[in-house]
Enquirer: 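Dropping a structure here in structure tokens format, bear with me for questions.
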Amino acid sequence: MDLTTTYLGLQLKNPLVASASTFTKKTDQAKRLEEAGLSAIVMHSLFEEQIIHESLELDHFLSHGTETFAEALTYLPDIGTYSIGPDAYIEQLAEVKQAVSIPVIGSLNGVSTGGWIHFAKEMEQAGADALELNIYFVPVDLEITSSQLEDAYIKLVSDIRQQISIPIAVKLSPFFTALPHFANRLVEAGANGLVFFNRFYQPDFDLEELEVYPNIMLSTPYEMRLPLRWIALLYGRINTDFALTSGIHSAEDAIKAMMAGAKVAMMTSALLRNGIQTAAEILEDMRIWLEEHEYESIQQMQGSMSQQAVAEPSAFERANYMKVLSSFGDGREMPHTAISSRIIHRTLSSSADDDPFWSS
Amino acid sequence: MYDPALLKDAPETFKSTGARFRELPGQVLTIQVAPEDCTGCALCVEACPAKDKSQVGRKAINMTPQPALRESEAANWEFFLSLPEVDRTSIAFNSIKNSQLLEPLFEFSGACAGCGETPYLKLMSQLFGDRSIIANATGCSSIYGGNLPTTPWTMNSDGRGPAWANSLFEDNAEFGLGMRLCLDKQVEYARELLPHFSSEVGDTLVDALLTAPQKSETDIAAQRERVVTLKERLQGLSGNTRAQDLLSLADVLVRKGVWIVGGDGWAYDIGFGGLDHVLASGHNVNVLVLDTEVYSNTGGQSSKATPRAAVAKFAARGKDMKRKDLGLIAISYGYIYVARIAMGSSDVQTLNAFLEAEAYNGPSLIIAYSHCIAHGFNLRKGLEQQKLAVQAGYWPLYRYNPDRIAEGKPAFILDSKGPSISLDKYAYNETRYRMLLQSDEARAEMLMRAAQEDVYQQWEVYRRLAQTTTIGTATDPTGLAV
Ligand SMILES: Cc1cc2nc3c(=O)[nH]c(=O)nc-3n(C[C@H](O)[C@H](O)[C@H](O)COP(=O)(O)O)c2cc1C
């Protein structure tokens, strides 16, 4: 059974990849990822804040209060050299790369273009086979428009593109108004792959303490539906490699990702919950499923259930409530795409009165 | 807490609210900041549990720039000082809420903003300050406790407050024991003299003075009044040298406590031999160890209280030995009251430990977790960090009370639950641990694993102790005893 796939120009022995997680902080865990059969590893992220903040913080606490008493000029010994944030990260990446024979993808997490992006270059020099750029930004400023924000993302991708020659994948959140257009721009700016989607840890409220606290929960299989849909929609229309992340917990999930058009299915939660060895079981299940269903290879099924390949393309565009609306009433059937384009037409035109759909 | 009628002279911006104390109805309550002395550590704001129902970020007390409030709040502070203190005999102070009505006799120290030690001293001064003698080892507490020409140790309107003196690192426990022995001798002599003056001062007074229980605040107030009467009656006997002796000693007839205070550098290291000797002597002294796990005052040198995996001077690669369990050493005697406390985790347990230690008629040892500038984190989160230390099982809270043995109960009470978070969740909030991770990650991880193991082992020992009824009265395992 041929499980091989390609992703970002890399030849992979199978489509199961470890997404960015804490595993790679320990080299022996990274080795275990390889032993379990995963075909590539995305490193945990180096965060923009970490690069700037950690050195300032360490300096602050090493010198804080040292002016207060004549008897104590410092409160902690000066060890001399510290490998904080970026240095330690680059060292760890090099170590993981040495320890495993599968491709290792560096991960850079930030949003502003600036001095910190030269770490992309350092990752390349440390041996990263590709770079995953996790652009994470919660736009809370009332003055920032969506086009300004998108422009900033594009600028960041093209700036990094100019710095390095290894492939770049962009890991995105699903929260874009016009995702297809934006995704296409990212590819034009130099992204070789798109990773759908980043999961956000939504804060929760503690009702007793009246505090907001970060609530980190592992994913559930249901969460793969959103990236599944968008990969299926964009496969074949944007010339890039898709990776599906969020909610891959079983062989069936990974197979669905392939059929939608992903080159790889990424996993973290399942490995954290059930152990790294789960990956081997999932791979074995995939092999069995392919055999039972008489597939010859993974590549054969990639994109086989994308929007362009299925019998009823509108299934991907239909929003739940439309089905409910059309299931009663006068029975007039109207393709969903026609309705949605009319709605947009109406919104963009000055008056609804001259729209035949709304005035009928 | 005071009579609302007093508010008629209050400045306009003076704040008060109805006090909710069942014992003293109809009173109002004010918590007032001294705007010109506040160091801005924000611990009070962090500790305050009362949040605004429609804006939870606002508490009953909030940090705000001082200049705009300085004058009005200074006037409020002046007025606040003019209000009467709560009568110590009017309320039982075995709850946190009530204990905080007591006047602190330790105020405006020269400690770092956010110091983890001073809250314990303030509490101690509130509870027993008007009848305490303190022997203070050299260290932070002797510096901020005696930043001459001023001192944070103060007295109440009756002129009573702690008597405080500082001795050396190497002999502070002995210094305190000396105070105890002198006091005991003075009490002995005063009690010996008293019966000789039965006819002059009256049988009933002498009898009452000799047999007063002096357990509660009311008992102590009553004894103080008897001493006043005694002194008045002795005044007339100016020619009598023994009467003069008794007059000069009369005050010792009111029960006093001796507190021996110092840091871990003193208690675990340099003063340990003496401390051990004094505790073993069985004399009624109370030892308070303000444990910052390093020599704080001299700049963070490692002590035997420094935990594994932490960086300190003389342990710059991270200490690779367990910290000494001073409490367990003291417990092994069987007749020493021992408590391990952390105010940020349980203020109630802290209060109980102080009350029990003082009430115990023998040596007591309180080991108090004290967050410190030398730990390298924002001290505003000091109480939170104490909570994490306890949750990680790193700093279990317990009380070992020998008095319970006679009652047939386990002397060792575990006041906190087993580890519920991993040690690194607590430790890596602090630069003393984190800097090793940033300079030698492999070693940091190795030490953190070992330190985590220490936590589990320690918990197992304590858990078993808590199931043992007594130490020292176990049954004969050989079956040979007659
Ligand atoms: C503990 C943990 C750490 C993670 N760290 C990173 C990270 O450093 N960078 C990143 O881009 N994503 C990170 N992720 C997100 C995962 O890479 C992944 O996209 C997400 O968990 C959804 O996939 P899953 O359903 O397989 O878990 C992390 C997730 C977890 C649970």
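Chain A is the first sequence line, chain B the second, and so forth, proteins listed ahead of strands; every chain is numbered from 1. Note that the structure is a prediction, hence the values are computed from the model and not measured. What you see below is based on every heavy atom in this structure, not just the backbone, and it leaves out hydrogens, waters and symmetry mates.
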Enquirer: If I measure from the heavy atoms of chain A, does B:Ala316 come under 4.5 Å with its side chain, its backbone, both, or neither?
Expert: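 For B:Ala316, heavy atoms of backbone and side chain both lie under 4.5 Å from chain A.
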
Enquirer: Which one of B:Tyr268, B:Phe314, B:Trp266, B:Phe169 satisfies the ring-ring contact (aromatic ring centres under 6.0 Å, His included) criterion with B:Tyr295?
Expert: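 Exactly one pass, corresponding to B:Phe169.
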
Enquirer: Between B:Gln301 and chain A, which part of the residue has a heavy atom less than 4.5 Å away: side chain, backbone, both or neither?
Expert: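 No part of it gets close to chain A.
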
Enquirer: What part of B:Arg434 lies closer than 4.5 angstrom to a heavy atom of chain A: side chain, backbone, both or neither?
Expert: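 Just its side chain gets close to chain A.
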
Enquirer: Taking C-beta and beyond as the side chain, do B:Lys304 and B:Asp264 meet within less than 4.5 Å on heavy atoms?
Expert: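 Of all side-chain heavy-atom pairs linking B:Asp264 with B:Lys304, none is under 4.5 Å.
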
Enquirer: Between B:His375, B:Glu441, B:Glu445, who has the most heavy-atom pairs with chain A when the cutoff is under 4.5 Å?
Expert: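 Among the listed options, the one with the most contacts to chain A is B:Glu445.
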
Enquirer: Could you check whether the rings of B:Tyr426 and B:Tyr394 sit parallel, tilted or perpendicular, using 30° and 60° as the cut-offs?
Expert: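 Correct class here is parallel.
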
Enquirer: What is the distance from atom OH of B:Tyr120 to atom CE of B:Met343, rounded to the nearest 0.5 Å?
Expert: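 If we round to the nearest 0.5 Å, B:Tyr120:OH and B:Met343:CE are 6.0 Å apart.
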
Enquirer: Find the one option among B:Gly300, B:Ala315, B:Gly299 whose heavy-atom pairs under 4.5 Å with chain A are most numerous.
Expert: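 Among B:Gly300, B:Ala315, B:Gly299, the one with the most close pairs to chain A is B:Gly299.
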
Enquirer: Could you state the interatomic distance from CD (A:Glu124) to CD1 (A:Ile166), rounded to the nearest 0.5 Å?
Expert: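 The CD atom of A:Glu124 sits 4.5 Å away from the CD1 atom of A:Ile166.
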
Enquirer: Chain A heavy atoms under 4.5 Å from B:Lys313: which part of the residue, side chain, backbone, both or neither?
Expert: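 Contact with chain A involves both backbone and side-chain atoms of B:Lys313.
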
